[in-house]
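Quick notes on the structure that follows.
The sequence lines fix the lettering, A, B, ..., with proteins before strands; numbering per chain opens at 1.
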Amino acid sequence: MRNLSLILAAAVAAGAGLFLAAAVFEPSPAPPPAPVPTPEIAGTVLHPPRALAPFELMDHQATPFTHKALQGAWSFLFFGYTHCPDICPTTLYLFKGLAQKLPVQEGAAPVHFIFVSVDPQRDTPEHLAKYVRNFHPEFIGVTGAERAIADFTRQLGIVYQRVGDGPHYAVDHSGYVVLTDPQGHWRAVFRPPHDMVRMLKDFDTIRKFVEQNS
Amino acid sequence: MRRSGSFLLALGLCWLATTTQAAAPQLEIDMPWIAAGPPQVPVLAGYLRLRNPGRTPLQVVAVHSPQFAAVEMHQTQTGADGMSRMRRLAELHIEAGATLSLEPGGRHLMLLDPKTPLRAGDTVELVFELATGPSVTVQAPVRERGAGAGPSHSHHDHH
């Protein structure tokens, strides 16, 4: 009988002790929420999106092209050069298809298509203007000082390398397409080889994902 | 009697040679086309299919056009690292009975420095030099990318 009383007393004391401890000490911080799984695309979705460091380039109308130019619209960016006969026109032709097939949504942010030159030596604004307008009147060409192009491409993980000599030298370059959002933040890369139908679908997936996670 | 006999024999052999030549075309070129580009662009791409109906491999060692300063053979390679590289090819090798396709994103002709600006609807003459045998000439239409396959017949002659 006595043992039972002792056990009961000990239990009550332990319970009181726990209650007191819980009241006095801070609860341990909640574990961080599990990372949101990003949707699968032919490429990679960046979540959270990446802000870009300031850059100073020039568009095909010789007006400054800075982070402001990436705000207010979704932007598809491809990196190439006008002396490229095959892969660059092929990709810009794909952009043209996207521009024509994108559903127009009332009140939605517009979509821009931007061709950034990795060959600023030959690709002057005037040259770029003739080039991009050949694909679509609203396409944007971008060039700039060698250093500015190098910095801009580097922060987007785009690499390029001049190959050969003479007036018709080639430039090896990343074939990725970069996507930025209306805040000018880097949201995704599309991996080559590019398929227009797939890119349309992936863009829709990304837009929905951004809506659900903002 | 002997002279006319030899003459007839020679004539016969010539006839045999020409029919043999005509009956065994060296290289067939199908659906050649030049992708129209922006005005004043210094390089254009040419695409086509090379077919070797013969029993021995064929090599195209050079291509030229009276309408361009030079024509080169290139291949676009997109690696697993996402890099697009263009590599100049010394020749185009077509195995016996095989077809080699030059198409966007892969092998292509790089046509350098058009002598006059070219637009969709124009025609470009392409001359293919082979390692052995006579060259092959085709007329390739200039058309917009994605404009459609067009007629599948090819214009070519052997000489």
- Message: Going by side chain to side chain donor-acceptor pair (under 3.5 Å), Ser117(A) matches just one of Thr124(A), Thr143(A), Asp123(A). Which one?
- Response: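 Single side chain to side chain donor-acceptor pair (under 3.5 Å) partner of Ser117(A) among Thr124(A), Thr143(A), Asp123(A): Asp123(A).
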- Query: Between His173(A) and Tyr81(A), is a side chain to side chain contact (heavy atoms under 4.5 Å, CB included) present by the stated rule, with each step listed?
  - Reply: CA-CA 9 Å; His173(A) 56 92; Tyr81(A) 61 113; 3.8 Å; yes
- Message: Ring-plane angle category for Phe55(A) and Phe65(A), please: parallel below 30°, perpendicular beyond 60°, tilted otherwise.
- Response: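 Correct class here is tilted.
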- Query: Between Asp181(A) (side chain) and His185(A) (backbone), is there a donor-acceptor pair under 3.5 Å?
  - Reply: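 Checked: pair present.
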- Item | Under 3.5 Å: donor-acceptor pair, side chain of Asp113(B), backbone of Phe68(B) |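 No; zero donor-acceptor contacts below 3.5 Å.
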- Task: Could you tell me which of Pro193(A), Ser174(A), Gly97(A) has the largest number of non-hydrogen atom pairs under 4.5 Å with chain B?
- Result: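 The residue among Pro193(A), Ser174(A), Gly97(A) with the greatest pair count is Ser174(A).
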- Message: Counting heavy-atom pairs under 4.5 Å with chain B, which one of Asp86(A), Asn134(A), Thr90(A) comes out on top?
- Response: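 Heavy-atom pairs under 4.5 Å are most numerous for Asp86(A).
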Contact winner vs chain A - [options], heavy-atom pairs under 4.5 Å:
options: Arg88(B), His74(B), Arg87(B); result: Arg87(B)
options: Pro38(B), Ala36(B), Gly106(B); result: Pro38(B)
options: Leu112(B), Thr78(B), Val41(B), Leu44(B); result: Leu112(B)
options: Gly37(B), Ala35(B), Gly46(B); result: Gly37(B)

- With a 4.5 angstrom heavy-atom cut-off, which part of Tyr93(A) approaches chain B: side chain, backbone, both or neither?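 When you check distances to chain B, only side chain atoms of Tyr93(A) fall under 4.5 Å.
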- Message: Given heavy-atom pairs under 4.5 angstrom as the criterion, report whether the side chain, backbone, both or neither of Val163(A) touches chain B.
- Response: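 It is the side chain, since no backbone atom gets that close.
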- Item | Salt bridge present between Asp204(A) and Lys201(A) (N-O < 4.0 angstrom) |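 Salt bridge: no.
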